[in-house]
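Below: the structure, in structure tokens.
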Amino acid sequence: MITELRPRFPADFHFEHTVYSHGWCALFPFRLDRASQTLSCTLEDGNGRIGTLRYSLPSQKKPRVALETRGTPSSTSLALFAARAANILHLNLDLRMFYARVREDARFAWIAEHRTGRMLRAPTFFEDVVKMILTTNCSWSLTELMNERLIQQFGIPAADGAVCFPRPESIAESSEEILRSEVRLGYRAPFVLELARRVASGALDIEAFRQADAPALELHRALRDIKGVGDYAASNLLKLLGRYDYLGLDSWCRAKFAELHNGGTPVPDTEIEGYYAPFEEWKGLVMWLDVTRQWYALKFPF
DNA sequence: GCGTCCAGGTCTACC
DNA sequence: GGTAGACCTGGACGC
């Protein structure tokens with residue numbers, strides 16, 4: 001059954017720029033169909049029901065959001081799916097202050113004009129954290145492989161044959177041996193296992209991060225308490241929470257910054273920090289949009 | 001075909 | 001608090 005969802009889109013929303021905001025759109029269970037400009041995502045409603053969301057044009061400001069389920073979803077389930085559909089696009093994020101700030105600087109005024117900055121998120125923060133751990137110390141192609149194997153091994157099949165991201169419980173019941181030998185997570189295996197077990201047991205309320213209004217410093221510290229989450233991962237997870245106080249530099253960002261601002265010669269992190277420091281609580285987002293600016297002018301790499 | 005390097009880093013031990 | 005060394009994997013590259 002197909003149900004049309006009608007989330008409330010902020011006035012500055014831009015569908016394509018949100019979908020391609022970073023690499024998440026290229027990681028299962030997200031699926032991109034470039035020809036029809038459709039983003040699909042198979043997910044659980046949080047109450048055991050599986051469905052597939054399809055976001056598509058015709059409008060960049062108000063895309064169509066359709067939910068496909070086996071049978072008719074209850075009103076409760078529909079509300080849960082609708083909340084997750086909005087969460088994925090981070091529709092409750094208010095970027096007006098951010099756009100006002102970047103308009104003050106001619107180098108970055110394009111950010112407001114293009115309505116960029118809203119970042120695609122997984123249906124749950126648990127999925128965001130696991131995927132972020134899988135991006136560490138490896139190539140992007142290896143991240144894609146590990147994520148795909150994790151879903152194949154523990155994911156839940158939907159009506160359309162797609163598979164949604166594993167529940168924490170499914171991974172928690174597994175073992176480090178399986179995560180190493182079957183999913184081939186390498187040294188990341190114990191990190192993902194411990195995270196899944198803490199979440200499954202209730203010791204860690206990972207989804208509470210999405211409602212947290214604590215200072216960024218505190219959230220960063222709490223995220224770093226998760227094994228396998230260091231400064232890079234914590235900083236970039238904060239961006240998915242709408243907090244941009246940290247740059248979250250990785251080797252790709254450093255190389256891109258050097259290419260754009262220093263003729264390709266490497267630049268110390270302290271200098272990169274200094275470059276974006278005037279943007280204060282927005283500096284992490286300005287940095288990310290600066291190093292990915294070509295994506296919006298030329299072609300998205302996903 | 002084989003060895004080496006390194007990629008969207010993090011942890012631990014040690015100072 | 002700062003730093004060196006170990007850590008899985010797989011693709012790219014040189015030979």
Side-chain angles (χ1 to χ4, degrees), chain A residues 19-28 30 32 116-117 119-122 127-153 171 174-198 204 217 219-241 244 246-261 264 266-270 272-273 276 283-296 299-302:
Chain A
V19 170
Y20 292 101
S21 53
H22 63 131
W24 262 208
C25 63
L27 292 180
F28 287 120
F30 282 120
L32 271 174
T116 64
M119 300 177 88
L120 190 70
R121 315 194 297 178
E127 186 175 328
D128 279 334
V129 177
V130 172
K131 284 177 170 173
M132 199 63 77
I133 291 173
L134 299 191
T135 68
T136 58
N137 198 26
C138 66
S139 60
W140 180 252
S141 58
L142 182 54
T143 297
E144 291 180 311
L145 275 174
M146 289 187 288
N147 178 64
E148 198 173 337
R149 286 192 293 249
L150 191 68
I151 292 170
Q152 279 172 355
Q153 187 79 25
I171 300 175
S174 176
S175 66
E176 184 178 326
E177 170 57 24
I178 287 174
L179 290 171
R180 281 183 186 269
S181 61
E182 301 295 324
V183 190
R184 305 190 70 74
L185 297 187
Y187 69 88
R188 302 168 196 82
F191 302 153
V192 171
L193 185 62
E194 183 182 314
L195 170 64
R197 287 184 172 165
R198 286 178 68 195
L204 175 65
L217 177 72
L219 292 175
H220 190 264
R221 196 174 291 147
L223 286 166
R224 290 202 61 169
D225 279 345
I226 299 169
K227 284 277 179 62
V229 174
D231 176 60
Y232 150 83
S235 302
N236 284 293
L237 284 167
L238 275 183
K239 289 175 192 166
L240 299 182
L241 297 173
Y244 313 103
Y246 295 83
L247 296 192
L249 294 170
D250 54 30
S251 55
W252 187 86
C253 291
R254 292 185 181 98
K256 203 68 191 173
F257 184 90
E259 177 193 323
L260 294 172
H261 300 292
V267 179
D269 285 2
T270 48
I272 304 178
E273 285 279 351
Y276 298 107
K283 60 177 177 282
L285 188 53
V286 174
M287 183 281 296
W288 177 247
L289 293 170
D290 189 31
V291 297
T292 59
R293 179 174 183 174
Q294 289 170 331
W295 295 2
Y296 299 90
K299 184 177 182 290
F300 293 105
F302 309 109

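Throughout, protein chains are lettered first and strands after them, A, B, ... in sequence-line order, and every chain is numbered starting at 1. Only a predicted model underlies this, so the values are computations on that prediction, with no experimental measurement involved.
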Problem set entry | Heavy-atom side-chain proximity of A:T143 to A:K131 below 4.5 angstrom | no
For this session: In whole angstrom, give me the gap between the P atoms of B:dT10 and C:dG11.
Result: 23 Å
Problem set entry | Length of the line joining A:L195:CG and B:dC11:P, which is rounded to integer Å | 12 Å
For this session: Kindly say whether A:L195 contributes a backbone atom to a donor-acceptor pair with the side chain of A:R198 at under 3.5 angstrom?
Result: no
For this session: Take the protein atom CD of A:E259 and the nucleotide atom P of B:dG8, then report the distance between them rounded to whole Å.
Result: 13 Å
Exercise. Do A:T292 and A:Y20 have side-chain N/O donor and acceptor atoms under 3.5 Å apart?
Worked result: no
For this session: Under 3.5 Å for both distances, Watson-Crick or G-U wobble, that's the pair rule; now give the dot-bracket for DNA chain B, with | marking pairs to another strand and [ ] for crossing ones.
Result: |||||||.|||||||
Exercise. Does a side-chain N-to-carboxylate-O contact under 4.0 Å join A:E194 and A:R197?
Worked result: no
Problem set entry | Side-chain donor/acceptor of A:W288 to backbone N/O of A:S21, under 3.5 Å | yes
For this session: Using the P atom as the reference point in each nucleotide, state the distance between B:dA13 and C:dC8 in Å, no decimals.
Result: 15 Å
For this session: Calculate the interatomic distance between A:L145 atom CG and B:dA7 atom P; express it in whole Å.
Result: 18 Å
For this session: Would you check, one step at a time, whether the test side chain to side chain contact (heavy atoms under 4.5 Å, CB included) holds for A:M119 with A:L240?
Result: CA-CA 7 Å; A:M119 300 177 88; A:L240 299 182; 4.1 Å; yes
Exercise. Under 4.5 Å between any side-chain heavy atoms of A:L150 and A:I171, yes or no?
Worked result: yes
Exercise. Between A:H220 (side chain) and A:L238 (backbone), is there a donor-acceptor pair under 3.5 Å?
Worked result: no
Exercise. Does A:S175 use its side chain to pair, donor to acceptor, with the backbone of A:I178 at less than 3.5 Å?
Worked result: yes
Problem set entry | Pair A:R254 + A:D269: basic N to acidic O under 4.0 Å | yes
Problem set entry | 4.5 Å side-chain heavy-atom contact, A:N147 and A:F28 | yes
Exercise. With a non-hydrogen cut-off below 4.0 angstrom, is A:D231 in contact with a base, only sugar-phosphate, or nothing?
Worked result: sugar-phosphate
Seminar exercise, completed: Contacts of A:E273 meeting salt bridge (Lys or Arg N to Asp or Glu O under 4.0 Å) (sequence neighbours excluded), chain-then-number -> none
I'd like a table of atom pairs between the protein and nucleotides 12-15 of chain B - only N or O on both sides, under 3.5 Å - with the distance next to each one.
none

Problem set entry | P spacing across the pair C:dG5 / B:dC5, given as an integer number of angstrom | 15 Å
Exercise. Can you find a heavy atom in the side chain of A:L289 that is under 4.5 Å from one in the side chain of A:Y296?
Worked result: yes
For this session: Could you identify which residues of residues 127-144 of chain A place a heavy atom less than 4.0 Å from some atom of DNA chain C, listed by residue number, or say none?
Result: A:N137, A:S141, A:L142
Problem set entry | Position toward the 5' end of DNA chain B (nearest nucleotide), A:W288 or A:G228 | A:W288
Exercise. Does the ring center of A:Y276 lie less than 6.0 Å from the ring center of A:Y244?
Worked result: no
Problem set entry | Nearest-Å distance for atom pair CD1/C1', residues A:I226 and B:dG9 | 15 Å
Problem set entry | Spacing between A:L249 atom CG and B:dG8 atom C1', to the nearest angstrom | 11 Å
Problem set entry | Whole-Å distance separating the NZ atom of A:K239 from the C1' atom of B:dG8 | 10 Å
Exercise. Counting only non-hydrogen atoms, which of residues 177-192 of chain A are less than 4.0 Å from DNA chain B?
Worked result: A:Y187, A:F191
Exercise. What integer distance in Å separates A:L247:CG from B:dG9:C1'?
Worked result: 16 Å
For this session: Name the first nucleotide and the last nucleotide along DNA chain C (5' to 3') that come under 4.0 Å of a heavy atom in chain A.
Result: C:dC7 to C:dG11
Problem set entry | Derivation of the side chain to side chain contact (heavy atoms under 4.5 Å, CB included) call for A:N236 and A:Y246 | CA-CA 8 Å; A:N236 284 293; A:Y246 295 83; over 6 Å; no
Exercise. NA contact type, A:R149, heavy-atom cut-off 4.0 Å: base, sugar-phosphate, or nothing?
Worked result: sugar-phosphate
For this session: Using the P atom as the reference point in each nucleotide, state the distance between B:dT4 and C:dA6 in Å, no decimals.
Result: 16 Å
For this session: Kindly indicate whether the side chain of A:E182, heavy atoms from C-beta on, has any atom under 4.5 Å from the side chain of A:E177.
Result: no
For this session: Report yes or no: does A:K239 contribute a side-chain atom to a donor-acceptor pair with the main-chain N or O of A:L247 at less than 3.5 Å?
Result: yes
